[in-house]
Amino acid sequence: MFRKPTGAILCPRCARLTHPDAAECLVCGLPRPGRWLWAAGIGRLLRTGNFTGLVTLVCIALYVFSLLLDPLSSATARRPSLLPGLSLFNPSVMALFKLGATGATLWAEGLWWTPLTAIYLHGDVLHILFNVLWIRQLGPAVEQLYGQGRLVVIFTLSGVLGFVVSNFVGIPFTIGASGAIFGLLGALIAYGRRRGGAFGALVLREYGLWAIILFIYGFLPGTSVNNWAHGGGFVGGFVAGLVLSFSDRRNESQFERLMAGGLITMTAVAFGLAVWTAFVV
């Protein structure tokens, strides 16, 4: 697995043929391209646009697992649902706590990793259904405009910032990808403002309207929505959209790809800590 490669390799940055012992890639100038082969797997994942699919898979798998952790509680209707029968599929608070739910109370106990894990947890069928649909709608759009690695950065940092704001103001228990979704909307709106012209105005108008509608929905009576997480996620995505370059202006740098890989690794480590805390300690 770790033996030194021989012959030609693909440069981890530009995917052009080079030599593993080359001082730099002759095409893009990456220093010692053979040294970065360990990052090629992450690069392939990002280039093929699989992050949206990966998020979808993780959300669904964790939702099913949360139901199985406490099946008796999940099979008992505890709150009304918009559709008959769906109120039977609500993971218990204890199951969500074990898998990494966040909140001011949990944060105060030192569970600092929960803003990462809570992004992928959901409380009922409608919650996960709507969030997954929004992720699959907005994720490819952000990926097309910013790039694959930048999508990872925007999604993850927006979700984390949303929960940090929510925890800071004292929301005791919260889960869901909606903060990250608002971050994707914020990045798209930032793109529209920066791009300008007819296309930028079209993007700004379309996604700005959706952001307004979703914000208004969060304040309607009877909706149990964490508007603090939505607002924090939107600000995080908007700022990231202002800072990061567009894919058609500048290719993603090695640093941006490493940042995306680092955030994916941090999320995996955070789930490891959640499992260790809940089931081992």
Side-chain angles (χ1 to χ4, degrees), residues 10-15 28 39-61 116 119-120 128 130-162 176-197 199-211 214 230 233-268:
L10 293 179
C11 173
R13 176 190 286 176
C14 66
C28 67
I42 293 175
R44 284 193 297 271
L45 171 66
L46 300 178
R47 282 195 297 273
T48 53
N50 283 337
F51 183 70
T52 298
L54 177 63
V55 171
T56 302
L57 179 63
V58 172
C59 287
I60 294 175
L116 277 166
I119 296 172
Y120 300 89
I128 188 172
F130 287 139
N131 277 1
V132 164
L133 289 176
W134 274 111
I135 290 168
R136 298 190 68 83
Q137 174 72 24
L138 299 176
V142 172
E143 179 179 341
Q144 181 180 5
L145 298 178
Y146 284 94
Q148 301 88 343
R150 293 169 190 148
L151 166 63
V152 178
V153 173
I154 292 170
F155 182 87
T156 305
L157 293 185
S158 298
V160 169
L161 180 59
S178 52
I181 291 170
F182 271 88
L184 298 179
L185 281 171
L188 289 168
I189 291 172
Y191 174 89
R193 288 180 59 88
R194 291 175 60 193
R195 170 62 68 183
F199 181 65
L202 179 64
V203 172
L204 181 61
R205 182 167 59 250
E206 178 178 354
Y207 292 105
L209 178 62
W210 277 115
L214 291 177
H230 289 182
F234 181 85
V235 170
F238 185 79
V239 172
L242 294 178
V243 172
L244 297 172
S245 180
F246 308 146
S247 59
D248 60 347
R249 288 186 177 177
R250 178 175 62 80
N251 291 332
E252 290 177 343
S253 65
Q254 192 70 16
F255 174 76
E256 289 171 324
R257 289 188 177 276
L258 289 175
M259 183 186 298
L263 289 172
I264 293 174
T265 302
M266 285 180 60
T267 302

For the atom pair [atom1] ([X]) and [atom2] ([Y]), what is the distance rounded to the nearest 0.5 Å?
X: S245; Y: L145; atom1: OG; atom2: CG; value: 11.5 Å
X: I189; Y: F182; atom1: CD1; atom2: CZ; value: 9.5 Å
X: R150; Y: M259; atom1: CZ; atom2: CE; value: 10.5 Å
X: I154; Y: L188; atom1: CD1; atom2: CG; value: 8.0 Å
X: F246; Y: Y191; atom1: CZ; atom2: OH; value: 6.0 Å
X: L244; Y: Y146; atom1: CG; atom2: OH; value: 7.5 Å

Can you list the steps and then say if V55 with I119 is a side-chain contact (heavy atoms from CB on, under 4.5 Å)?
-> CA-CA 10 Å; V55 171; I119 296 172; over 6 Å; no
So, do [X] and [Y] sit near enough that their side-chain heavy atoms are less than 4.5 Å apart?
X: L157; Y: V153; answer: yes
X: L263; Y: L116; answer: no
X: S158; Y: L184; answer: no
X: L214; Y: L185; answer: yes

Output yes when a side-chain donor or acceptor of [X] lies under 3.5 Å from a complementary backbone atom of [Y], and no otherwise.
X: R193; Y: L204; value: no
X: E252; Y: Q148; value: yes
X: S178; Y: H230; value: no

Looking at G186 and F234, what are the two nearest heavy atoms and their distance?
->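 In terms of heavy atoms, the two residues are closest at CA-CE1, 3.6 Å.
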How close do S247 and G147 get, heavy atom to heavy atom, and via which atoms?
-> CB-N, 4.0 Å
Between F51 and F155, does the ring centre distance come in under 6.0 Å?
-> yes
For T56 and R136, run side-chain contact (heavy atoms from CB on, under 4.5 Å): C-alpha distance rounded to whole Å, both residues' side-chain angles, the deciding distance at 0.1 Å, then the answer.
-> CA-CA 8 Å; T56 302; R136 298 190 68 83; 3.1 Å; yes
Can you check side-chain contact (heavy atoms from CB on, under 4.5 Å) on V132 and I128, steps first, answer last?
-> CA-CA 6 Å; V132 164; I128 188 172; 3.8 Å; yes
